[in-house]
Amino acid sequence: MHPIDWTIIAIYLAWIVWDGLRLTKNSHELEGYFLASRSLPWWAVGLSVMATQLSAITMIGTTGQGYTDGMRFLQFYYALPIAMIVLSVTLVPFFHKARIFTAYEYLERRFDAKTRAFTSLLFLLSRSMSLGVVISAPAVVLAVVLGLNVTATVLMIAIPTAVYTMFGGVQAVTWTDVKQMGLIVGGLGAAAIVLVIGLPDEIGVVQALRIAGVSGRMQTFDFTFDITNQYTFWSGTIAALFLFCSYFGTDQSQVQRYLTARSVAEARRSLLMSAYWKIPLQALVLIVGVFLFLFYLFTPGPMLFNPVHERELQQGPRAADYRGLEERFEAATASRTAAATGMARAEAGGDTQLYGAAKQEFLRREAETRAIRGEALSLVRETTGDATYNDVNFVFPTFITTQMPIGIIGLLIAAILAAAMSTIAAELASLSTATVIDFYRRFYRPEATDAHFLSVSRVATGLWGLLASVVAVWAAELGSLIEVVNRFGSFFYGSILGVFILAVGFPRATANGAFVGLIAGMGAVAWTVAYTNVAFLWHNVIGAVVVVVVGLAISAIDPVRRRAV
Amino acid sequence: VSITSPGERREYLRVIVLWLLVLAGLFALQEYFS
């Protein structure tokens, strides 16, 4: 990479830390440090909500999914606007009126201390593990494309983020999120423009998208009802509704964002910003992936996008097999390019018969190219021993470093870092808040001063950052990472949502009912994971429904409630 | 459930209408490009 690009990355890292610390106000009081004294405008909170959700995995994994599978991943987000409305009329007003620091604090007021402590503990467990993966995914990819080792890239992401989160508190997190969101959208927009300009002169954007459509990459609706497949319309609207209600309504990393808003109305508006913009933003990410496919359709590209594995195979004992695959791949992609160009020419000339023939040829060559790439990936799996290996996460970063102009490379790597850091900062702040408020202050030192809690919070942020970095280095050894984050979460998300549904929706639900229901819900999800191949999105539905049903049944026979009635 | 004002109700309706329009637009694009 050119020194100019390294300079841009270094300036970004220095600027974001300086800016995070510069904008810090009132961080010497607990409410200022954790909740920005409930003073932030809705648009800043709304951008922070979106930046927190959009991690580097979205930038690198989702663009890769767009390249291989097209737009169908968009279905995952169809329920999000409805989830935002549901939360705006249910949990958001409860949280604001309760003047709480953490979502779990509300559960003690409604149920008891053990339900609060247990849900907060589940949050700490799942969020700290997933935070490791959120750091690890970009660190692994950046290590390869920048030529660094994974520990160095983990530290490059984690240290600046931990510094401004530790000292700046939630104000630093939110205001840096706002700027990072600008950088992310700007970076994606720049990539989209470069990709469109990179199309051959005779292929227009509409023609290119039609070619993508023929390959199935413009499919945004799959109405098949199949609970083993998460990318269907039904998974995206029913199962994902539970995931989003849980993530935005009960996960402290998101709840803490809108607890900083000035009022209930502003908190609602901040959530509704995602309702309006999340699907278009996700469509932008995926369409960048589709244009990556179109770019490599007309420009010879690598067969494998992870250059390290490509080199290992070229120099290893299977070099002859790999060379053979490369030759077949080059021939197949050249024929595919010719067929795609033939399709575009036939379409422009209005020759439907020729178009039909070129389309069939294109589909044949596309299937052949996919099959050869599949064989190459299998070869990597055999030689590395990583049975689930995929190079989807490397497509976009490899494109950036090999095809983008100097300067834009640095900007886009900074955008990937921004996507990682905005998510990590919010998660670190929320882990620290839950640790201090739900455990340290609740059980160990209820009467200490704000100054004491602030010191403990800073130490907690640093320790969570350290633990997440260790998990990240360990997770880097695990191989494929896309969706792992959501799987970690989905093990608990549905069940925690179930407890909040009992708390807000069922006045007759008791503390014991909620607690037993929570354990039953997690047991049901564990059983589903172990004995079925139900797609992980549906685990959220199973968890929530089991908690509510068991919780209500136990509440009905709970002696504590009988005494109270 | 807490909807405090007619303005709030209108905002939710706006989200739902836009959501339906976006889904319809995406479906139309899928059909146009396939």
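Order of the sequence lines fixes the chain letters, A, B, ..., with proteins taken first and strands second; residue numbering starts at 1 for each chain. Everything numeric here is computed off the predicted structure, so don't read it as measured data. Computation of the quantities below employed the complete heavy-atom set of this structure, encompassing side-chain atoms and omitting hydrogens, waters and symmetry-equivalent molecules.
- With values rounded to the nearest 0.5 angstrom, B/Glu11 atom CD is found 9.0 Å from A/Ser88 atom OG.
- Across all non-hydrogen atoms, the minimal contact from A/Arg210 to B/Tyr32 is NH1-O, 2.9 Å.
- For the atom pair B/Leu26 CG and A/Met71 CE, the distance stands at 6.5 Å (nearest 0.5 Å).
- Interatomic distance, CD of A/Gln219 versus CD of B/Gln30, reported as 5.0 Å (0.5 Å rounding).
- Taking the side chain as every heavy atom from C-beta outward, B/Leu23 and A/Thr220 never approach each other to under 4.5 Å.
- The shortest side-chain heavy-atom distance between B/Phe33 and A/Arg217 does not fall under the 4.5 Å cut-off.
- For a residue to count as touching a neighbouring chain, one of its non-hydrogen atoms must lie under 4.5 Å from one of that chain's; by this rule A/Leu272 touches chain B with the side chain only.
- In this structure, the portions of A/Phe221 lying under 4.5 Å from any heavy atom of chain B include both its backbone and its side chain.
- For the atom pair CZ of A/Phe233 and CZ of B/Phe27, the computed distance is 10.0 Å after rounding to the nearest 0.5 Å.
- Residues A/Val89 and B/Tyr12 have side chains in contact (heavy-atom distance under 4.5 Å, counting atoms from C-beta outward).
- Taken from CH2 in B/Trp19 to OH in A/Tyr78, the straight-line distance is 10.5 Å, to the nearest 0.5 Å.
- Note on A/Leu74, A/Ile85, A/Val92: by heavy-atom pairs under 4.5 Å with chain B, the leading option is A/Ile85.
- Heavy atoms closer than 4.5 Å to chain B are found in the side chain of A/Ile82, but not in its backbone.
- For a residue to count as touching a neighbouring chain, one of its non-hydrogen atoms must lie under 4.5 Å from one of that chain's; by this rule B/Val15 touches chain A with backbone and side chain alike.
- For A/Leu80, no part lies near chain B; criterion is any non-hydrogen pair under 4.5 Å.
- When heavy atoms are compared at a cutoff of 4.5 Å, A/Val504 does not approach chain B at all.
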